Structure formats: structure tokens, C-alpha cells
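Keep in mind that this is a model prediction, so the values were computed, not measured. Reckoned from all heavy atoms, side chains included, excluding hydrogens, waters and symmetry mates.
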Amino acid sequence: MIVRDEEKLLEDCLKQVIRFSDELIIVDTGSKDTTKEIAARYTDKVFDHVWTGDFSEARNRSFSYATDEYVMWVDADHIIDDEAVDKLNGLKEKLASASKPYNSVCVEYLSPDNLKVPVSFHMIMRRGDGREWIGAVHERYPVKEPVLYADITIRHNRQIDKDRPVNLKSIIYADYIKKIDDDEYRQYFWLGMQCYVDLVFAGEKEEAERVLRVSLENTPPLEELLRTCLLGGNNFLYWKRYEDALKVYELFISESKDPAMSGIKASSLYRMILLKAQRCAYESGDTGKAIEYNDMLLEAFPDSVTACLNRSYYDSFITVSLSVCFIVRDEEPVLERILRKVKQFADEIVVVDTGSKDRSREIAARYTEKVFDYVWDDDFAAARNYSYEKASCDYIMWLDADDDLEIEDIEKLKYLKRHFPGETDVVMLYYIDDPDEKDIMTGGGLIRDRWIRRSLNGRWQYPIHEGIHIEKKWNVLYRPDIQVFHRKVKANEEHRNIRIFERKFEEGFVMNSFNLAYYIRELTTEKRYEEARTAFEKLWKEGTRSNIDYVMIFYFVIMKSLKQKEMLCERLEEYLERFGSNEMVYCELGDLYREQKRYEEAESFYRMARGSQIDVRDCRPHFPAFVDFLPWLGLAKIYLSTGDPEKAADALRHSERSYPQNIELKVLKLYLENRQKRTVVLPLDQNDL
């Protein structure tokens, strides 16, 4: 084994390895955690190796210490279950009794999504015939027949990838690929594809695109390309990164259209790629492309049950009409901006004016004849219901005057109307606060119901922060790829929301958990923290996760303002036990532990936050800063506090990608630059942070 900073996984792996190995060799390439101490508990053959950026060099070094006839390589993040241990012990007997020695043993490699990749791994090699590992990264061992294909499955614990700051292999490869001659690209195409995946995950998108172009220009034999694309796409598909996965699958699909490649279309791998490309296109919101790939699948495999079912589903698509409804009041600065865009896809626009004193009605009249007056009574639901009563199309969409749409989202809405899944009752779109590179609390959003079938007669509820109750029997279509941006240019009437709440309480309005969550938000905004905390305790006992998640970020403010950080820490730990992963909770716990100088625990939470995968279809609010900017900034503060300027600088570089104008980032960069000018870099005191 070659290892480096593997304390989280190493012991679990070694407990299994010692059950079948006769000799255990561990080569450490520079661990700064307890990796070497753990290794020493299982073997006395633990060696140091000065890391040079060459994986083959380290593998060959580890093999040089071996004394048995066969050597097996294992990584710390491999999972070898009890069944595999038993089979490996049986394999030893088979190798010893073979009439002719095998030079290599292949095993099955299982990815976390339980899909066997189409490439077996050579994991056991016969020693002493002069062969060595080659390739600085994504290294390989030259295969020499005869090879034994064993019925043994090794799994990869890919979860640990989320805890790594940047995939080390991608850094090495960025230099390594520049040195590969053109002729070698045919041999190393799969290396380029894997590096493309690594670089995308590391956030190096420009470099990833360059690698992809260079690799594709030197395409290897089609079968190898097909296998490589399938493996690379699966990496993205596991994380639900459908657009990235589709880009990889399309590499092969574009090649397969060449008439010279017609023979490959009978391959089961070709079938698998088309199936996955169709799924990724549909999940990405490109229904047209999904239909195209499904038709290609039917052409090559007419008996494919999945393709036939998909075809029936796509054939059910219809063209629908759409009413877009607004309620407005004094929206002159923004109303024309949104109406001009809505006019491009709406069949009908309904504007209900609740008492404007500016030119709102005049502007609305330029875009629609359906402009109506409504006497305002502090009830948003009642006004929305009135606007819906004036709609006449198949579906109704709601927007606010300060909402906005980009060109690509308008085009997607047009396409959706023409190719609409006929059984759909409700369409959920992504509602996002307009990002600002200076403000980390912008760019957040959540998926919300935007369309509803008019015949369902869905009714808005609640006087403030209104909503339509979505019944379980309704068919919901999630389209997070279509975004509605909230771009305010003026503040709401001061104290309006809390005033409406309290007036309705006087009239007898009784809150449920949904209303209570919004009430906590308004109490926090009004700085009525003690009342907000009392309301949160009630919500904690009675509310659903979605309600609690909505106000979690306000709860941070409440408890800090009340100087109750210890209680906040306990509640957040309780949250993780009760509900599981949440990037905002991870970041907040990282901050709380860092303030207590519990740096190891803080670092762990920041890394978990940074690795979180946002799926907006969970209907929870998400802020991108909590999975990129804030975790990296927290790590930088830890490294500054512990006197590690190199790591701090690297973390700040990552932070800078998402919010380069953030003032806190600039201050920390300036501090680091000033400290680095001195002979000794002093740790940053917690009070300075």
C-alpha cells in the first residue's frame, strides 16, 4: 500500500487485509496525521518515501520490499468485505497449485452506485519478471498473459473523495499531460478522461476543457473510447451532475455516428451509453436531446423495453397554453423588465393591481388587456387567488414584478410549453436570489411550485408568505434547470410582514409549522430574538425538516445575538443526528469549533460542508457559499491560526473563485501577504479573526 493522510479509512482496510496477507508493506509518502501510527499497529514494514509527484515510482518502491511470489496492491479507500477475504484466501491455494503460473489476477471493481464498471482491475501481480508500474498518475502495470479472472469484488469508498481539498492526481496531471507526445494519447486517452473528471470536481473547468479537447483529438480505438466514456460519465452520474455526465457520454455518441463505426452499434456498451445519455439529457431539462438519444436506442435495439417505455412517455407530450399572473403595487421601476420577457412565452398575462400610485397600471396595460383592480386587505393569498380566477389557459404561472428571467430560461419555458408531459399537474422551477460576488448570502434559492394545472383549482393559503398546498396525488415535474431570479430594486414597506402577521393573529389566525417558520424569520429581522428563540423551540418539536431548514440560518443569528453559542452547538449536533447532512450546519459547527480552538473537529466539518452535493429537488433552501466559499474560508482561518501559511494561501485561492470581492477574503489575503514578508509567519490570533 502507498498511503498519505489516510487515518479516516486506513484501519478499517487493514483489519481486513491482515486476514489474507502473508506480508503487509506500507509506504508512507508524507502523512501529517496518524496514518503511520495506525500502520505500525498492523505491520513492522512501514517505510517512508519522499513524494515526487509520481505514483508509479511509489508503487514500484512498495513492490521492491515484497518477498513473496505474488504481490497485491490495495489502497486505503478500498473496501474488502468478508466474502472477498474468504475468496482471496482460496485464491492463494489456487495460485500455488496451478500447473502454469499466472502473471496477473483480475478482480471486479464495484463503484459506490453499485454499477460494475466495464474494466476489470489487475490487482495481483507475479513478482520477478522485470515488469514495473508506469505512468506518473493513474498509473498502470503492464499485463502479461496468462491472466486469471477471479470472481472477487473490491469496492471503492468514494465518499472519502469529498474530504479531499483538491484531488491530488488532477494537480499532477495538469503538468503531466503537457509532456505526453501525440502518439501516446492513444494509449493514455482513458487517463485524459479520468483527469477531466478530476479537474471538474476540483473546480478547474478551463483546464478540464483543454484536457478533453486534446484527448478527443487523439481518439483511441472505439471500444476503448466507449469504455472510457462510460466510466468517466458514471463518476458524474453518481453525484447527479447530469450535464457533466452527458458531456462525457456525448464524446462516444458523436463518434458512433461515423458510418465506419456501424459495427459497434450492436455492442451492449453502446446500448448502456445511450440509455444513460437519454437519462442525463432529460434530467438536465433538454427533452429534445433525450428524445433524440432514445430514438437512436430504438433504432439500434428495437426490442429494448426501456426505450419503448420512454418513447411512449415522450409521445404523451402535448402543447399547452399558459397564463402568467402578477399582483403588483407601485412596481414602476421593475414591472416592464419582467413583462417584456414574459410576453415572449405567455399566452395570457394577468396583472392585479392592489393600489398603485405610480405608473404600474399604465405599464401593465401596454402588455395585456387583463389588468384588474383589487382592494388590498393585508392578504397576499386572497390577492393571488383573485388573479388566478381571471386566468383562462391550461396552466397558470405566478411571478412577482421584481422577478427576472434570463434568455436561456425563456427559451426553455418556450420549449416546455411545446413538449409538455401531459400528465403533469405542477411544475417546480428554481427560485434564486440574484448573486453578488461581494455578498455571500446572495445566490441562494430553493425550488418552488410555479405552474399549476388550472382545472385543479389550486387555492393560495395564508395572508403572508402564501403558498398552494400540493396534494400527494398530483404529478409534479421538477425543472431546477429553469431559474427565476429575484432582483429587487427597492425595499419592502418597513415592518410590513410582521404587521400583517400580528394583525391576523388578532383576527384569530392560527399558525401551523409552515407559518411558524416564516414568523421566526420576521421576528429575527425585527431583532426580537427572545421571541424568535421561543418560536423556534416550538418549531423544533412540531415542524418538519423542510420548515426547520428554512429558518436554520436565522436560528444561527438568534442564538449568537443571545450569546447562546454553547446551546447552538448542542442543537446543531442534535440536528445532524436527527436529520443528517446539511451544508449550513456543517459550516456553522466549523465556525463554533474553530472559535473554541478545536481545530481538528472544525476542519472536519468544513471539509464535509465543502463536499456537500446540493440537490435542489429536496425543496430546502440552499446557499452556494456554504459548499464553496465559506468552507474554504474557514479552512484558511484554521491554517492561519495554526501557522500554516502555505495551506492558508491555497484555501484562500479556492475561496476567491466564487466571491472574489468579499471584504473578509480581502482582509485575510492582505494579512497573509503582510505576514509572508516577514522571516517568521506568526499564527493569527482567534480574536483577530
Side-chain angles (χ1 to χ4, degrees), residues 439-442 444 494-495 497-498 501-502 511 513 515-543 545 547-579 581-609 620-621 623 625-626 629-642 655 659 662-665 667-668 671 683-689:
D439 186 355
I440 62 172
M441 295 314 298
T442 62
E494 192 174 10
H495 311 303
N497 292 355
I498 198 73
F501 263 122
E502 293 179 344
M511 288 190 297
S513 295
N515 311 128
L516 183 58
Y518 281 100
Y519 185 51
I520 292 168
R521 164 183 160 175
E522 301 306 335
L523 288 172
T524 306
T525 302
E526 297 287 331
K527 299 183 179 180
R528 291 160 58 176
Y529 299 123
E530 195 59 59
E531 293 173 79
R533 180 171 68 169
T534 301
F536 183 87
E537 293 304 321
K538 178 177 174 62
L539 182 68
W540 182 256
K541 295 176 182 178
E542 303 173 0
R545 176 174 184 173
N547 299 144
I548 293 171
D549 280 351
Y550 178 78
V551 296
M552 187 55 68
I553 199 162
F554 299 102
Y555 184 60
F556 301 162
V557 175
I558 294 166
M559 298 303 280
K560 289 179 179 178
S561 300
L562 295 174
K563 303 187 185 305
Q564 295 288 329
K565 290 186 178 181
E566 185 176 342
M567 178 61 193
L568 173 61
C569 191
E570 293 176 5
R571 177 52 53 79
L572 296 185
E573 289 175 343
E574 186 180 348
Y575 174 98
L576 295 177
E577 292 180 6
R578 180 176 171 185
F579 297 121
S581 175
N582 182 311
E583 65 275 9
M584 290 189 287
V585 173
Y586 286 147
C587 273
E588 188 63 28
L589 279 170
D591 288 346
L592 292 169
Y593 282 127
R594 178 176 53 78
E595 291 174 8
Q596 299 172 35
K597 298 187 178 181
R598 295 163 63 178
Y599 296 125
E600 186 175 339
E601 293 163 281
E603 183 174 7
S604 174
F605 280 116
Y606 286 137
R607 292 193 182 282
M608 285 189 285
R620 295 161 46 206
F623 295 85
F626 285 92
F629 179 80
L630 288 172
W632 283 114
L633 196 72
L635 290 170
K637 291 177 180 179
I638 288 176
Y639 301 141
L640 286 170
S641 297
T642 56
S655 297
Y659 293 90
N662 177 265
I663 187 64
E664 188 174 13
L665 169 68
V667 169
L668 288 175
Y671 172 86
L684 185 63
D685 185 81
Q686 183 61 49
N687 293 328
D688 295 329
L689 295 174

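Between Phe626 and Val585 the shortest side-chain heavy-atom distance does not fall below 4.5 Å. A 4.5 Å side-chain heavy-atom check between Leu589 and Leu576 finds at least one atom pair inside the cut-off. Taking the side chain as every heavy atom from C-beta outward, Thr525 and Asn497 never approach each other to under 4.5 Å. Within the 4.5 Å cutoff, the side chain of Phe501 has heavy atoms near those of the Tyr518 side chain. Contact annotation: the side chain of Gln564 never approaches that of Ile558 to less than 4.5 Å [non-hydrogen atoms, C-beta and beyond].
A side-chain donor-acceptor contact under 3.5 Å links Tyr606 and Asp591.
With sequence neighbours left out, the salt bridge (charged side-chain N to carboxylate O under 4.0 Å, His left out) criterion links Glu601 to Arg598. Scored by the salt bridge (charged side-chain N to carboxylate O under 4.0 Å, His left out) test, Glu530 finds Arg533 as partners (sequence neighbours excluded). Under the salt bridge (charged side-chain N to carboxylate O under 4.0 Å, His left out) criterion, Glu522 pairs with no residue, sequence neighbours left out. Partners of Asn662 by side-chain hydrogen bond (donor to acceptor under 3.5 Å, both in side chains), not counting sequence neighbours: none found. Applying the side-chain hydrogen bond (donor to acceptor under 3.5 Å, both in side chains) criterion to Glu570, with sequence neighbours excluded, gives no partner residue. Residues meeting the side chain to side chain contact (heavy atoms under 4.5 Å, CB included) test with Arg545, sequence neighbours left out: Asp549, Tyr575, Phe579, Asn582, Arg620. Every residue meeting the side chain to side chain contact (heavy atoms under 4.5 Å, CB included) condition with Glu502, not counting sequence neighbours, appears here in chain and number order: Ile498, Phe505, Tyr519, Arg528. Applying the ring pair (Phe, Tyr, Trp, His ring centres under 6.0 Å) rule to Tyr586 yields no partners; only residues at least two apart in sequence or on another chain are considered. Applying the side-chain hydrogen bond (donor to acceptor under 3.5 Å, both in side chains) rule to Arg521 yields the partners Tyr550; only residues at least two apart in sequence or on another chain are considered. Remark: Asn547 engages Thr544 in a side-chain hydrogen bond (donor to acceptor under 3.5 Å, both in side chains) (not counting sequence neighbours).
Counting all heavy atoms, side chain and backbone alike, Ser655 lies closest to Leu665 at CB-CD1, 4.0 Å. For the residue pair Ile520 and Ala535, the shortest heavy atom distance occurs at CG1-CB, 3.6 Å. When all heavy atoms of Ala602 and Arg594 are compared, the pair lying nearest together is CB-N, 3.6 Å. For Ala625 against Pro631, the heavy-atom pair with the smallest separation is O-CD, 3.5 Å. Shown here for Met584 and Pro621, the closest heavy-atom pair between the two residues is CE-O, 4.0 Å.
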For side-chain contact (heavy atoms from CB on, under 4.5 Å), just list the numbers for Val557 and Tyr529, CA-CA rounded to whole Å, side-chain angles, deciding distance to a tenth of an Å, and then say yes or no.
CA-CA 8 Å; Val557 175; Tyr529 299 123; 4.1 Å; yes
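Once rounded to the nearest 0.5 Å, the distance linking SG of Cys569 with CD of Glu588 reads 9.5 Å. Leu572 contributes atom CG, which lies 7.0 Å from atom OH of Tyr555 (distance to the nearest 0.5 angstrom). Rounding to the nearest 0.5 angstrom, the gap separating the OG atom in Ser641 from the NZ atom in Lys597 is 8.0 Å. Going from atom CG of Leu630 over to atom CD of Glu664 covers 8.0 Å, rounded to the nearest 0.5 Å. Once rounded to the nearest 0.5 Å, the distance linking CZ of Phe556 with OG of Ser561 reads 13.0 Å. A distance of 8.5 Å separates CE of Met608 from OG of Ser581, quoted to the nearest 0.5 Å.
A salt bridge between Glu595 and Lys637 is absent, with no side-chain N of the basic residue lying under 4.0 Å from a carboxylate O of the acidic one. Between Arg578 and Glu574 no salt bridge is recorded (no basic side-chain N to carboxylate O distance below 4.0 Å). One finds a salt bridge joining Glu537 and Arg571 here, because a Lys/Arg side-chain nitrogen approaches an Asp/Glu carboxylate oxygen to under 4.0 Å.
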